[in-house]
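All remarks here apply to the structure that follows.
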Amino acid sequence: QVQLVESGGGSVQAGGSLRLSCSVYGYAYSSVYMGWFRQAPGKEREGVAAIDIGGYITYADSVKGRFTISQDNAKTTLYLQMNSLKPEDTAMYYCAATIYPPSPGTWLLRDEYNIWGQGTQVIVSS
């Protein structure tokens, strides 16, 4: 059974930075397609960034230039470096994975992923 465990959330002032981590257990990291999603209160869960097994990366327009998705050299942990944080970035952030390659253009759609972590809270104050 594949498990995803996130960490690194917290509270920060606007303009600050946080780095989220996601560890994969129970499956070869190199065989899963992974993404970061977030859900603010009262809103739909939205895709933030995704990376495929070949290293292809995509970002939501709202975070381009501020967030960076990456993985460690051993490819056991996924990261989301978040810089220049804004109050509107406040949300629960989730790591997601799938062993089936998302269709082109759907990398940031939640329905493409069937494995989810428990989430880590990010709060950005103004």
With sequence neighbours excluded, what pairs up with [X] under the side chain to side chain donor-acceptor pair (under 3.5 Å) test?
{"X": "Q3", "answer": "none"}
{"X": "Y93", "answer": "R38"}
{"X": "N114", "answer": "none"}
{"X": "D61", "answer": "K64"}

Could you pull out the closest heavy-atom pair between [X] and [Y], with the gap in Å?
{"X": "L80", "Y": "A49", "answer": "CD1-CB, 4.3 Å"}
{"X": "A14", "Y": "S126", "answer": "CB-CA, 4.3 Å"}
{"X": "S125", "Y": "P87", "answer": "C-CG, 4.5 Å"}

Using side-chain heavy atoms (C-beta onward) and a distance below 4.5 Å, is [X] in contact with [Y]?
{"X": "E44", "Y": "Q39", "answer": "no"}
{"X": "K86", "Y": "R66", "answer": "yes"}
{"X": "Q81", "Y": "S17", "answer": "yes"}

Report whether [X] and [Y] are members of the same hydrophobic cluster (ILVMFWY, side-chain heavy atoms less than 4.5 Å apart, transitive linking).
{"X": "I115", "Y": "L78", "result": "yes"}
{"X": "Y100", "Y": "L4", "result": "yes"}
{"X": "W116", "Y": "Y25", "result": "no"}
{"X": "L108", "Y": "Y94", "result": "no"}

Check side chain to side chain contact (heavy atoms under 4.5 Å, CB included) between S7 and all other residues, then give those that pass, not counting sequence neighbours.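 Expected list: S21.
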Could you give the distance from [atom1] ([X]) to [atom2] ([Y]), rounded to the nearest 0.5 Å?
{"X": "T68", "Y": "I57", "atom1": "OG1", "atom2": "CD1", "result": "8.0 Å"}
{"X": "S11", "Y": "L18", "atom1": "OG", "atom2": "CG", "result": "8.5 Å"}
{"X": "S103", "Y": "D111", "atom1": "OG", "atom2": "CG", "result": "11.5 Å"}
{"X": "T77", "Y": "L20", "atom1": "OG1", "atom2": "CG", "result": "13.0 Å"}
{"X": "W107", "Y": "D52", "atom1": "CH2", "atom2": "CG", "result": "4.0 Å"}
{"X": "T98", "Y": "E112", "atom1": "OG1", "atom2": "CD", "result": "7.5 Å"}

What disulfide bond (SG atoms under 2.5 Å apart) pairs are there with at least one residue in residues 80-126, not counting sequence neighbours? C22-C95
Taking the six-membered ring for Trp, are the ring centroids of Y33 and Y113 within less than 6.0 Å of each other?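 When the ring centroids of Y33 and Y113 are compared, they turn out to be at least 6.0 Å apart.
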Ring centers of F67, W36 separated by less than 6.0 Å: no
Any donor and acceptor pair, going by atom type alone, linking the side chain of [X] with main-chain N or O of [Y] inside 3.5 Å?
{"X": "Y59", "Y": "I69", "answer": "yes"}
{"X": "Q13", "Y": "V124", "answer": "no"}
{"X": "T90", "Y": "I123", "answer": "no"}

Reference residue M82; test side chain to side chain contact (heavy atoms under 4.5 Å, CB included); the match among V122, V63, D89: V122
Kindly indicate whether a cation-pi arrangement holds for R19 with Y79, taking the cut-offs as under 6.0 Å to the six-membered ring centre and within 45° of the axis. yes
Using the rule given for side chain to side chain contact (heavy atoms under 4.5 Å, CB included), can you reason through V24 versus M34, listing the C-alpha separation, both sets of side-chain angles and the distance that settles it, and then say yes or no? CA-CA 10 Å; V24 180; M34 301 195 70; 3.5 Å; yes
